[in-house]
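Worksheet for the structure shown next.
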Amino acid sequence: MQTKKRPVFLEIPVLVRVLPVPGIVSILHRASGVIMFLMIPVLLMLLDGSLGSGESFVSYKAVASHPLVKLILIGVLWAFLHHLCAGVRFLLLDAHKGLELQTCRKTAKLVLAVSLSMTLVLGVALW
């Protein structure tokens, strides 16, 4: 009796080990888009509230100076920078630039390195 090959559910840690770097960049591009989709309205509401008066600005500044809020904001900063860098990479791929396997892998690693280093530099500067 022959058994059917059924789809295998891969958990995220296993999936990260199995996927090549371009696949990880693609998934992170989607995840960063979701993070920005959820957080940009919140950030705009915070901006609107802080522009109301001097007292509201001081209260919003006190909230933003909390370390947990700073970490969340640095996470949103990473999402923006990664989405930007990966988006440029995908635009170049859509224009048929860098489709070779080695180039594709190098640009994916470059996206990860640039987005993380820019987040680190800007995060330290803004902390």
Side-chain angles (χ1 to χ4, degrees):
M1 182 165 183
Q2 195 175 26
T3 59
K4 292 183 180 179
K5 284 197 91 170
R6 301 192 54 103
V8 178
F9 173 73
L10 295 176
E11 296 176 2
I12 290 179
V14 174
L15 190 63
V16 169
R17 285 191 306 243
V18 172
L19 274 180
V21 177
I24 294 170
V25 168
S26 177
I27 289 174
L28 289 176
H29 181 71
R30 293 175 182 163
S32 64
V34 169
I35 291 169
M36 286 191 315
F37 178 77
L38 295 174
M39 290 303 294
I40 285 178
V42 174
L43 293 173
L44 288 174
M45 287 184 341
L46 291 173
L47 176 65
D48 181 49
S50 70
L51 295 176
S53 68
E55 295 82 23
S56 65
F57 175 76
V58 171
S59 65
Y60 280 102
K61 186 177 177 184
V63 169
S65 65
H66 191 275
L68 181 62
V69 175
K70 284 184 178 183
L71 284 177
I72 292 170
L73 291 174
I74 288 174
V76 174
L77 177 66
W78 167 83
F80 171 73
L81 293 172
H82 179 80
H83 201 77
L84 176 71
C85 294
V88 169
R89 176 180 177 265
F90 288 131
L91 283 173
L92 290 172
L93 289 175
D94 288 342
H96 301 286
K97 305 291 183 200
L99 292 177
E100 298 80 27
L101 183 60
Q102 293 296 5
T103 307
C104 193
R105 288 180 179 162
K106 286 179 185 177
T107 58
K109 290 176 185 176
L110 184 67
V111 163
L112 288 175
V114 168
S115 64
L116 288 174
S117 62
M118 286 173 48
T119 303
L120 181 67
V121 168
L122 290 173
V124 168
L126 294 174
W127 190 272

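Computed from heavy atoms alone, side chains included, the values below leave out hydrogens, waters and symmetry copies. What you see is a predicted model; the values in this text were computed from it and never measured.
To the nearest 0.5 Å, the span separating CG on Leu84 from CE on Met118 amounts to 6.5 Å. Of the inter-residue distances, the one linking Leu116 atom CG with His82 atom NE2 reads 8.5 Å to the nearest 0.5 angstrom. The structure places CG of Leu51 at 10.0 Å from OH of Tyr60, a figure rounded to the nearest 0.5 Å. In this structure, CG on Leu81 lies 10.0 Å from OG on Ser32, to the nearest 0.5 angstrom.
In this structure, Ser50 and Ser56 approach most closely via the heavy-atom pair O-OG, 3.9 Å. Looking at every heavy atom in both residues, Ala86 comes nearest to His29 through CB-ND1, 3.4 Å. When all heavy atoms of Arg89 and Cys104 are compared, the closest pair comes out as NH2-SG, 2.9 Å.
Note on Phe57: it does not cluster hydrophobically with Leu46, by side-chain heavy-atom contacts below 4.5 Å among ILVMFWY residues. Met36 and Leu28 are not part of a single hydrophobic cluster, where members link through side-chain heavy atoms under 4.5 Å apart. Neither Leu122 nor Ile35 shares a network with the other; the hydrophobic side chains, linked directly or stepwise wherever heavy atoms of I, L, V, M, F, W or Y lie under 4.5 Å apart, form separate groups for each. Hydrophobic clustering (ILVMFWY, side-chain heavy atoms < 4.5 Å, transitive): Phe80 and Phe90 are in distinct clusters. Hydrophobic clustering of Ile, Leu, Val, Met, Phe, Trp and Tyr side chains at less than 4.5 Å, counting indirect connections, keeps Ile40 apart from Val42.
Side-chain contact check for Thr107 versus Leu92: every heavy-atom pair is 4.5 Å or farther apart. By the 4.5 Å heavy-atom criterion applied to side chains, Ser115 and His83 are not counted as neighbours. Counting only heavy atoms from C-beta outward, the side chains of Thr103 and Leu99 never approach each other to under 4.5 Å. A heavy-atom distance below 4.5 Å is not found between the side chains of Lys109 and Val25.
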Show me the donor-acceptor pairs, under 3.5 Å and distance only, between side chains in residues 66-79 and residues at least two apart or in other chains.
{"from": "His66", "atom 1": "ND1", "to": "Leu68", "atom 2": "N", "distance (Å)": "3.1"}
{"from": "Lys70", "atom 1": "NZ", "to": "Trp127", "atom 2": "O", "distance (Å)": "2.9"}

